[in-house]
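A short write-up of the structure that comes next.
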Amino acid sequence: MADDQLSRVFAALADPIRRDLVARLATADATVGQLAEPYDVSVQAVSKHLRVLEDAGLVSGSKDAQRRPRHLEAEVFDLMTKWIERYRKEAEERYRRLDALLDQMDDDGTVRTTGPDQAGAAS
């Protein structure tokens with residue numbers, strides 16, 4: 001179910017190390033050892049973070065001879081973008097309606113009714 005994946009993706013990205021791993025994988029594939037280098041945590045801890053990202057569908061692994069590079073599955077971000085965009089558009093529409101109402105109001109808070117078209121729009 002897409003909603004479950006969305007929850008897993010947001011939960012996975014709640015951790016700053018996992019967000020940093022995603023940012024680094026956005027530039028290039030990397031092995032667990034390469035990904036663990038800049039952190040003051042064990043390789044096993046980074047592997048656990050990667051497992052969470054893999055369970056969310058954000059990262060996948062492959063086998064390349066002796067290496068097992070991890071790859072960012074960027075299309076999962078489309079799911080997040082659609083969800084965020086939906087609520088951004090709704091909020092933007094609410095602000096537009098509020099701006100229109102505020103434009104019709106006088107300084108004392110009364111709504112100007114200059115014509116029959118605007119009288120209904122203010123209520």
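For M105 against R112, the heavy-atom pair with the smallest separation is O-NH2, 3.0 Å. In terms of heavy-atom proximity, H71 sits nearest to D29 at ND1-OD1, 2.9 Å.
Summarising the geometry, atom CG belonging to L13 is positioned 12.0 Å from atom CG belonging to D20; distances are rounded to the nearest 0.5 Å. Here CD1 of I17 is found 9.5 Å from CG of D40. Values are rounded to the nearest 0.5 Å. If you take CG on L79 and CG on L6, they are separated by 5.0 Å, rounding to the nearest 0.5 Å.
Residues satisfying the salt bridge (charged side-chain N to carboxylate O under 4.0 Å, His left out) criterion with R96, sequence neighbours excluded, are E92, E93. Applying the side chain to side chain contact (heavy atoms under 4.5 Å, CB included) test to L98 and every residue at least two apart in sequence or in another chain returns L102. Residues passing the side chain to side chain contact (heavy atoms under 4.5 Å, CB included) test with A74 are F77, sequence neighbours excluded. Judged as a salt bridge (charged side-chain N to carboxylate O under 4.0 Å, His left out), and not counting sequence neighbours, D78 has no contacts. Under the rule for a side chain to side chain contact (heavy atoms under 4.5 Å, CB included), the partners of A56 that lie at least two apart in sequence or sit in another chain are R8, V9, A12, L58.
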Step-by-step salt bridge (Lys or Arg N to Asp or Glu O under 4.0 Å) determination, E90 to R86: CA-CA 6 Å; E90 285 181 17; R86 173 182 169 200; 3.7 Å; yes
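Around atom CG of D108, more than 12 heavy atoms belonging to other residues, nucleotides or ligands sit under 6.0 Å away.
Grouping the Ile, Leu, Val, Met, Phe, Trp and Tyr side chains by contacts below 4.5 angstrom, directly or via other members, places L101 apart from Y95.
Looking at T31 and R68, their side chains never come closer than 4.5 Å, going by heavy atoms from C-beta outward.
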Which donor-acceptor pairs under 3.5 Å do side chains of residues 46-55 form with protein atoms, sequence neighbours excluded?
from: S47; atom 1: OG; to: V43; atom 2: O; distance (Å): 3.1
from: H49; atom 1: ND1; to: R18; atom 2: NH1; distance (Å): 3.2
from: E54; atom 1: OE2; to: R70; atom 2: NE; distance (Å): 2.8

